[in-house]
Enquirer: 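Can you keep this structure in mind? I'll have questions shortly.
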Amino acid sequence: AVLARHGADGTRLMQILREIQEETEWLSPDILTRVAEGTRLPRGQVEGVAGFYHFFHTEPLGRYRVLWSDNITDRMAGNADLMARMCKKLWLKPGRVSEDGLVSVDTTSCTGLCDQGPALLVNYRPITRMTAQRVDQIVELIRHKTPLAEWPAEFFKVEDNIRRKDALLGADFAPGDALKALKSPQEVLDSVKESGLRGRGGAGFSTGQKWDFCRAAVGTGPHAAHYVVCNADEGEPGTFKDRVLLASYAGLVFEGMTVSGYVIGARKGIVYLRGEYRYLLEPLNAVLEKRRAAKLLGKSILGRTGFDFDIEVHLGAGAYVCGEETALLESLEGKRGVPRKRPPFPVTAGYLGQPTAVNNVETLASAALIAAKGAAWYKSIGTPKSAGTKILSISGDCERPGIYEYPYGVKVSQVLADCGARDTQACQIAGASGLCVAPNEFGRRIAFEDIPTGGSFMIFDNTRDMFQVARNFAHFFVHESCGFCTPCRVGTTLLANAMDKIDEGHGGEYDINDIWRVIRTLKTASHCGLGQTAGNAVADTLQKFRPSYELRLNVRDFEPAFDLDKALSKMREVTGRDDPGAHFHIAHRKSRAG
Ligand code: SF4
């Protein structure tokens, strides 16, 4: 039925696999063969895609698949103990399936719920504010094989936690306001350029310029077309503002996409929604239906002949790298999310090789407001180089985590005061790949000309160990590297291994030098931004929080990371031997002495 619904369309592969998996729990070899036949794709490609994304399973993982969000903020909120409690009660080892095949428990990267963690996903539905009591309740529900639909509704409550509204979140905006105000596409384009709007994903490219390049590009082939893509693959650890925009301001985002389509001459828009936000799919589709009924989408929008535009939502499947726009386009086309070579840029050769404007959720919402209220209004907010506002996702050590919208130019110290942060030791701004800011930098400003950010703002008070923060991020990148290029695939692993080695007390100055070498290679030789920025957190903490490393450097000289005695522990377990002779270093010392 799923195949029939999507037809023999290879670009639908991700959706086909997801929908089938929702029915069958996992993607068996037989299913992959049938999908390959149904889509007329090579079986190797189907298997390759199924194997690439963390949320597709090519082996059974149980009727209940529990994934604990493992961002550093979840760790700070105690996720490790809660997960251990769950595993113990279910007689499970993390990462394994229970003997009866009922349940598996594992970790996953940040789920975008850091303001209400510790959080987890059960069959990709989020449960927030985990406690020991909630763990016990979930264990009982799983043991009794209670269908998810019968679990207490309050488990699945995701709050917006909007703490500060400004020009965007507080805007007086009714559906259709931007579309009713539209003049000619060129005039709207000029207005977006004039407003100074820059991409909110973090890179800060001029939105007007991007639309201009895309509008000027010519589509190719018999299916020549232009496309608008909304990048809602919000995977940067600590970021959750797109979750809130899509949950409560979806109409504004869709209206921004429609404005973009009007300017560049596109008839189709696609929202690429991260797999962790699967629960938003039906609500988003309901908003789209409403807008179609109100003539704000579809054919002849607001009765204007020739103004046709519609939007569909495409769901990702747990791959952080798909936040990179070319990886996202590959994924949209039903392929592995491997970043493309650039040029050509998406504005000339994007989705299906056609001119495509890829914009962040917040950028598109801002564009709708600019179309409705004008460039001058927008430009009057923020700083001369950073017009408008920025929505921050604030989490970690503060009294009031949540969503805060500020005009650009706000100081870090102001943000910390507003959210009730005390004794702050550091802020990690712009996620794991961003900037770690120490107290002497709290006078710096959130703005493209000072600290640019996609929105993640994680706070660490002076009880936190900044080495462990950086170590968590190093492991995050190992998990999320797509594996395409060697510097990143190997470099991220070397970096995480070096951090583990230091953590285990085997590190010395040699390892610190080694870390710098790896960071340099990552930065200069990686194919895409993920690898290039993967060493940022370690580099920043090494420079600004050196004592947290120093206190672990026990070794004057070099010491190998490989611990033979530890490696033999499995064999000791199997043979039931744990006497001194079964330990390498003791036996080794004796033989040398004797
Ligand atoms: Fe993939 Fe990393 Fe290379 Fe980017 S840098 S292409 S994520 S392996």
Side-chain angles (χ1 to χ4, degrees), residues 14 44-45 47-56 70-71 108-110 112 199 201-203 205 229 231-239 272 274-276 316-346 349-351 356 358 360 430-435 454 456 470-499 514-540:
M14 295 273 296
Q45 183 179 335
E47 193 166 342
V49 169
F52 181 84
Y53 296 91
H54 300 311
F55 288 0
F56 290 147
D70 200 25
N71 188 25
T108 188
S109 300
C110 179
F205 191 77
V229 170
N231 184 347
D233 193 47
E234 176 177 55
E236 195 60 71
T239 320
Y272 187 98
R274 74 182 301 219
E276 287 80 351
Y320 165 77
V321 70
C322 289
E324 197 280 341
E325 61 179 4
T326 61
L328 182 152
L329 292 169
E330 288 287 291
S331 184
L332 273 184
E333 293 178 7
K335 301 176 199 155
R336 295 159 69 97
V338 175
R340 296 176 182 169
K341 275 195 207 138
R342 296 192 293 183
F345 291 94
Y351 180 59
T356 305
V358 185
N360 176 267
S433 59
L435 182 75
S456 172
R471 184 165 157 257
N472 175 279
F473 292 154
H475 279 277
F476 165 78
F477 285 111
V478 176
H479 193 250
E480 297 300 340
S481 166
C482 82
F484 170 74
C485 67
T486 310
C488 171
R489 186 182 63 248
V490 178
T492 50
T493 301
L494 289 176
L495 192 59
N497 287 351
M499 295 294 278
D514 213 25
I515 282 177
W516 281 120
R517 271 194 295 274
V518 173
I519 291 173
R520 269 196 301 277
T521 308
L522 277 167
K523 207 176 263 305
T524 53
S526 294
H527 175 63
C528 84
L530 186 150
Q532 289 155 13
T533 57
N536 285 2
V538 175
D540 272 356

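Worth saying up front: this structure is predicted, and the values here are computed from it rather than measured. Just follow the structure's listing: the first ligand is 1, and inside any ligand the first atom is 1. Each residue takes its place number in the sequence, starting with 1.
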Enquirer: With heavy-atom distances below 4.0 Å as the criterion, list the atoms of ligand 1 near Ser481.
Expert: 2 (Fe), 8 (S)
Enquirer: So if I count the atoms of ligand 1 from 1 in the order they appear, which ones are less than 4.0 Å from some heavy atom of Ser526?
Expert: 5 (S)
Enquirer: Identify, by atom number and element, the atoms of ligand 1 in contact range of Pro339, meaning under 4.0 Å from any of its heavy atoms.
Expert: 6 (S)
Enquirer: Can you tell me if an N/O/S atom from Cys485 lies under 2.8 Å from atom 4 (Fe) of ligand 1?
Expert: no
Enquirer: If you have a sec, work out which protein heavy atom is nearest atom 1 (Fe) of ligand 1 and how many Å separate them, to one decimal?
Expert: Cys482 SG, 2.3 Å
Enquirer: State the atoms of ligand 1, each with its element, that fall below the 4.0 Å cut-off from a heavy-atom position in Val321.
Expert: 7 (S)
Enquirer: Aromatic rings His479 and His54: how do their planes relate, parallel, tilted or perpendicular, breaks at 30° and 60°?
Expert: parallel
Enquirer: Checking Phe55 against Thr108 for the side chain to side chain contact (heavy atoms under 4.5 Å, CB included) test, could you report, in this order, the C-alpha distance in whole Å, the side-chain angles of both residues, the deciding distance, and whether it holds?
Expert: CA-CA 10 Å; Phe55 288 0; Thr108 188; 3.9 Å; yes
Enquirer: Can you tell me if Cys528 has an N, O or S atom under 2.8 Å away from atom 2 (Fe) of ligand 1?
Expert: no
Enquirer: Check step by step if side chain to side chain contact (heavy atoms under 4.5 Å, CB included) holds for Cys110 and Tyr320.
Expert: CA-CA 10 Å; Cys110 179; Tyr320 165 77; over 6 Å; no
Enquirer: Test your reading of the model: is there a side-chain donor-acceptor pair from Gln532 to the backbone of Ser526, 3.5 Å cut-off?
Expert: yes
Enquirer: Could you list the atoms of ligand 1 found under 4.0 angstrom from a heavy atom of Gly531?
Expert: 5 (S)
Enquirer: Using atom types as modelled and distance alone, determine if a side-chain donor or acceptor of Ser456 lies under 3.5 Å from a backbone N or O of Pro237.
Expert: yes
Enquirer: In the protein, which heavy atom is nearest to atom 6 (S) of ligand 1, and how far is it?
Expert: His527 CD2, 3.6 Å
Enquirer: Any chance you could lay out the side chain to side chain contact (heavy atoms under 4.5 Å, CB included) test for Phe484 and Cys528, step after step, and finish with the verdict?
Expert: CA-CA 10 Å; Phe484 170 74; Cys528 84; over 6 Å; no
Enquirer: Do Phe52 and Ser331 come close enough that some side-chain heavy atom pair is under 4.5 Å?
Expert: no
Enquirer: Who's the nearest protein heavy-atom neighbour of atom 2 (Fe) of ligand 1, and how far?
Expert: Cys488 SG, 2.4 Å
